[in-house]
Amino acid sequence: TEKQSGIDPTEMLEGVFSRAADSESIWVHIENFNDYRKWTAKLSTSSLNNKDQEIRIWLDYVSPKLSIRRDKEYDEWFKKKAAFEVNKAFQSMRVRVHYQFHRALYRLQGMVWTGETCVNIWLVQNGFSFYLLNSDKRPSEHQDFLDAEQLAKSQQIGLWKPAIQNAK
């Protein structure tokens with residue numbers, strides 16, 4: 001069960017998209033100080049930014065870092081490009097995060113939504129990540145992830161560019 005795995009069942013929080021720290025996670029600003037404070041005892045210091053009242057959310061089912069394997073220089077550029085594009089698309093937008101608290105790692109991981117757009121699926125749709133099914137349990141957005149990956153593939157964008165797919 002989820003409790004036995006060290007991951008609490010899904011909950012939700014709201015805030016403002018602050019920035020993509022890297023290609024694997026984003027920072028969310030929590031406006032209310034009391035709402036923010038409840039996280040300071042639960043999360044690791046690498047998942048807290050006390051100065052700006054931000055918490056780090058690790059994105060589920062995507063990983064630009066694990067999706068690209070070309071050469072070191074290109075891989076680094078690709079990860080930075082993915083983070084840059086996420087920042088450009090979602091900067092300062094209100095978000096809701098459907099998260100799970102991972103007790104062993106003292107961090108939050110989940111699905112991030114702004115309006116009707118899921119940031120996780122957006123990464124796949126724009127070719128910045130493969131859809132990574134990392135457990136036996138499929139997310140409720142499973143078909144949306146598959147459709148997003150098929151769209152990116154048919155448009156040959158990001159990871160689906162012929163030059164990347166044919167690289168040795």
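Quick caveat, the model's predicted, so the values are computed rather than measured.
A donor-acceptor pair is defined here as one N or O able to donate and one able to accept, closer than 3.5 Å; no such pair exists between the side chain of N120 and the backbone of L59. Distance alone, capped at 3.5 Å, places no donor-acceptor pair between the Q125 side chain and the A152 backbone. No donor-acceptor pair closer than 3.5 Å links the side chain of Q109 to the backbone N or O of H102. Under a 3.5 Å cut-off, the side chain of S129 and the backbone N or O of S63 do form a donor-acceptor pair. Looking only at distances, a side-chain donor or acceptor of T114 sits under 3.5 Å from a matching main-chain atom of R94. Of the possible donor and acceptor atoms, one in the side chain of R96 sits under 3.5 Å from a partner among the backbone N and O of G115. With Q53 contributing its side chain and E31 its backbone, the two residues share a donor-acceptor pair below 3.5 Å. For E54 (side chain) and W27 (main-chain N/O), no donor-acceptor pair under 3.5 Å exists by modelled atom type.
Checked against side chain to side chain donor-acceptor pair (under 3.5 Å), D147 has the following partners two or more places apart in sequence or in another chain: Q143. By the side chain to side chain donor-acceptor pair (under 3.5 Å) test, R56 is found to be paired with D22, S25, residues two or more places apart in sequence or in another chain being considered.
Hydrophobic clustering (ILVMFWY, side-chain heavy atoms < 4.5 Å, transitive): L13 and L48 are in one cluster. At a threshold of 4.5 Å between side-chain heavy atoms, the hydrophobic network of Ile, Leu, Val, Met, Phe, Trp and Tyr places M12 and I26 in two separate groups. Linking Ile, Leu, Val, Met, Phe, Trp and Tyr residues whenever their side-chain heavy atoms come within less than 4.5 Å leaves W58 and V124 in two separate clusters. L159 and L132 end up in the same hydrophobic cluster when Ile, Leu, Val, Met, Phe, Trp and Tyr side chains are linked at under 4.5 Å. Residues L151 and W122 fall into different hydrophobic clusters, defined by Ile, Leu, Val, Met, Phe, Trp and Tyr side chains chained together at heavy-atom separations under 4.5 Å.
Contact record, V86 with A20: CG1-CB, 4.0 Å, taken as the closest heavy-atom pair. Pairing each heavy atom of Y99 with each of F101, the nearest pair is CD1-N, 4.0 Å. For the pair P139 and L133, the tightest heavy-atom approach, listed with the atom from each and the gap, is CD-CD1, 3.8 Å. In plain terms, the two heavy atoms of E24 and P64 that are nearest each other are OE2-N, 3.7 Å.
Atom OG of S154 and atom CD of Q156 lie 8.5 Å apart (nearest 0.5 Å). The distance from atom CG of D52 to atom OG of S18, rounded to the nearest 0.5 Å, is 6.5 Å. The distance from atom CG of L146 to atom CD1 of I121, rounded to the nearest 0.5 Å, is 10.0 Å. For the atom pair CD1 of I30 and CG of N49, the computed distance is 11.5 Å after rounding to the nearest 0.5 Å. Put simply, OG on S23 and CZ on F78 are 8.5 Å apart, with the number rounded to the nearest 0.5 Å. For the atom pair CZ (R138) and OH (Y131), the distance works out to 7.0 Å, reported to the nearest 0.5 Å.
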(message) The test is salt bridge (charged side-chain N to carboxylate O under 4.0 Å, His left out); show your working for K81 and E85 and say whether it passes.
(response) CA-CA 6 Å; K81 173 74 170 160; E85 294 297 334; 2.6 Å; yes

(request) List the steps and the verdict of side-chain contact (heavy atoms from CB on, under 4.5 Å) for V97 and L108. (result) CA-CA 10 Å; V97 180; L108 302 179; over 6 Å; no

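Ring planes of F90 and F17: tilted class, angle from 30 to 60°.
Considering only heavy atoms from C-beta on, F128 stays 4.5 Å or farther from V62 through its side chain. Counting only heavy atoms from C-beta outward, the side chains of I57 and V95 never approach each other to under 4.5 Å. With contacts defined as side-chain heavy-atom distances shorter than 4.5 Å, the pair H98/W113 qualifies.
Applying the side chain to side chain donor-acceptor pair (under 3.5 Å) definition to pairs two or more places apart or across chains, those involving residues 35-47 are Y36-N50, S44-S46.
A ring pair (Phe, Tyr, Trp, His ring centres under 6.0 Å) with F130 holds for exactly one of F145, Y61, W160; it is W160.
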